[in-house]
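Remember, it's 1-based here, ligands and their atoms both numbered in the order they're listed.
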Amino acid sequence: MTLSAVEAAPKAELHIHLEGSLEPDMLLALAARNQVAIPYANADQLRAAYDFANLQEFLELYWAGQSVLRTERDFYDLTHAYLARAHRDNVVHVEAHLLPQGHTPRGVPFGAVLDGALAAFDDARHAFGITGGIILGLNRHESQDEAPAVLQSAEPWRDRILALGLEGPEKGNPPSKFTRVYDQARDWGWHLTAHAGEEGPPDYIVEALDMLKVERIDHGVRCEQSPALVRRLAEQGVPLTVCPLSNVMLKVFPALARHNLRRLLQAGLCVTVNSDDPPYFGGYVNANYTQSAAALGLSMAEQRRLVRNGFIAAFIDDEQRRRCLHDLDAAWPSP
Ligand code: ADE
Ligand code: ZN
């Protein structure tokens, strides 16, 4: 099968939840390995449950499925499988969300989560040449009083973690809850990002920028409700890590053809394309690109710009950025 230019191009993926890359077959295999009871007999039954009215409905199923993740080996296998799959989509750089706070209440050691995932990143660098790292997530619906302890637990790994992120149910959980931990992470030299404007209002994007001082916004598509904010995002070059198939599956948009990705790109925003939780939403990063291109009629130049933006938005140094952009130019010359 011949690949389209966007499928064949070297790409960055900046918005993927490692827990959200848990394929039904692996979920069932881990349930058996760890003797965790789950209410599904086979992968088809699991897939049939992937039908969501909104973010909350998705999160409840997603959290329940994660109960099969127990050991360092599980986190290694999960991360390794995702990175191998990303490599098949010609992803060369990955910044992946991981949420220890979602696992430690089950008795999973904090270190098992991080060491398993980090070892898979190390191996993927050798096996596939994939670079990248982990965005340590906080669950926004948990008390802000818990967040400093999460960061404290991460202290032994602080030099190996790329960034701090914020995820979970957005409505009613504004970014301002987390100002103190974002200050701490910034002091440690971590990069900063946060989910905002997925289901929540444009004000949450403004709070993430002004109070958490994030460098990019995960999703952010609801910025369009505020023309002043759209202008600000364009002028300041704040990247959005947009996940088109996720937005359709979670009813942020009624159909891919109604997604605002193209309008945001045309408004001058640094829009990037990502997969969020691929098995749940029907596709990895290449599927997000090709289905969006088809539904929205994206030109080749627009598709190339989206890929290029991935490297512009990545938390990498100037030298690596220059190399990535050079490799993209070689694989897919500018028209
Ligand atoms: N965690 C995993 N996927 C998410 C999403 N789309 N929004 C918020 N939190 C998430
Ligand atoms: Zn996400």
Side-chain angles (χ1 to χ4, degrees), residues 12-23 27 49-67 69 75 78-79 82 86 94-103 113 117 132 134-142 147 150 162-175 177-178 191-201 204-205 207-208 212 214 216-223 239-253 256 259 261 271-285 288 310 313 315:
E13 170 136 75
L14 307 178
H15 186 166
I16 162 79
H17 299 263
L18 289 172
E19 297 93 338
S21 71
L22 183 56
E23 287 281 351
L27 195 156
Y50 296 174
D51 179 19
F52 314 109
N54 52 40
L55 175 59
Q56 186 65 33
E57 267 193 29
F58 159 70
L59 288 170
E60 278 162 24
L61 185 120
Y62 168 77
W63 290 328
Q66 290 176 29
S67 64
L69 294 163
F75 285 92
L78 174 76
T79 308
Y82 163 70
V94 170
E95 297 175 5
H97 293 265
L98 181 64
L99 192 102
Q101 198 182 13
H103 311 293
V113 180
I134 286 171
I135 301 170
L136 185 98
L138 295 171
N139 244 337
R140 68 197 309 148
H141 63 296
E142 308 286 359
V150 175
L162 194 58
L164 183 65
L166 184 64
E167 61 186 78
E170 188 179 6
K171 286 182 184 164
N173 295 302
K177 277 173 71 176
F178 297 96
H191 290 284
L192 304 174
T193 184
H195 285 56
E198 178 185 18
E199 281 192 342
Y204 283 15
I205 299 175
E207 271 190 21
L212 306 187
V214 298
R216 62 186 193 222
I217 299 283
D218 295 315
H219 295 294
V221 290
R222 289 196 182 249
C223 66
L240 303 187
T241 65
V242 174
C243 307
L245 293 178
S246 162
N247 292 156
V248 175
M249 281 295 283
L250 300 186
K251 313 290 190 291
V252 175
F253 296 95
L256 205 47
H259 201 287
L261 180 150
V271 178
T272 69
V273 170
N274 310 272
S275 68
D276 210 9
D277 306 286
Y280 293 94
F281 301 146
Y284 284 80
V285 75
N288 274 272
F315 296 146

**OP:** With heavy atoms of D276 as the reference, note each atom of ligand 1 found under 4.0 Å away.
**Re:** 3 (N), 5 (C), 6 (N)
**OP:** Give the contacting part of E198 toward ligand 1: side chain, backbone, both or neither, where contact means a heavy-atom distance below 4.0 Å.
**Re:** side chain
Subject >> Angle subtended at the Zn ion (ligand 2) by H195 NE2 and H15 NE2, rounded to 10 degrees >> reply: 90°
Original post:
Please state which protein non-hydrogen atom is closest to atom 3 (N) of ligand 1 and give its distance, to 0.1 Å?
Top reply: D277 OD2, 2.7 Å
**OP:** Of all the heavy-atom pairs spanning A208 and A196, show the shortest one and how long it is.
**Re:** CB-CB, 4.4 Å
Original post:
In D276, the N, O or S atom nearest to the Zn ion (ligand 2) is which?
Top reply: OD1
Subject >> N/O donor-acceptor pair under 3.5 Å between E19 side chain and L99 backbone >> reply: yes
Subject >> N, O or S of C243 under 2.8 Å from the Zn ion (ligand 2) >> reply: no
**OP:** Pick out which of H97, R140, H15, E167 makes a side chain to side chain donor-acceptor pair (under 3.5 Å) with H195.
**Re:** H15
Original post:
Is the distance between the Zn ion (ligand 2) and the nearest N/O/S atom of H97 smaller than 2.8 Å?
Top reply: no
Original post:
Do any N or O atoms from the side chain of E170 and from the backbone of G197 form a donor-acceptor pair under 3.5 angstrom?
Top reply: yes
Original post:
How far apart are the closest heavy atoms of A313 and L14, and which atoms are they?
Top reply: CB-CD1, 3.7 Å
Subject >> Carboxylate-amine/guanidinium proximity below 4.0 Å for E95 and R216 >> reply: yes
Original post:
Hey, looking at atom 4 (C) of ligand 1, which of E167, H17, R140, Q56 has the closest heavy atom?
Top reply: H17
Subject >> ligand 1 contact by G20, heavy-atom criterion under 4.0 angstrom >> reply: no
Original post:
Within the structure, does L59 bring an N/O atom to less than 3.5 angstrom of an N/O atom in ligand 1?
Top reply: no
Original post:
Will you find, in the side chains of T241 and N274, an N or O donor that is under 3.5 Å from an N or O acceptor?
Top reply: no
Original post:
Closer than 2.8 Å to the Zn ion (ligand 2), do we get an N, O or S atom from H17, backbone or side chain?
Top reply: yes
Subject >> Separation between SG of C243 and NE2 of H17, rounded to the nearest 0.5 Å >> reply: 7.0 Å
Subject >> Identity and distance of the protein heavy atom lying nearest atom 9 (N) of ligand 1 >> reply: G168 N, 3.0 Å
Original post:
Should we say atom NZ of K251 is surrounded by more than 12 heavy atoms from elsewhere, each under 6.0 Å from it?
Top reply: yes
Original post:
What part of H219, side chain, backbone, both or neither, has a heavy atom within less than 4.0 angstrom of ligand 1?
Top reply: side chain
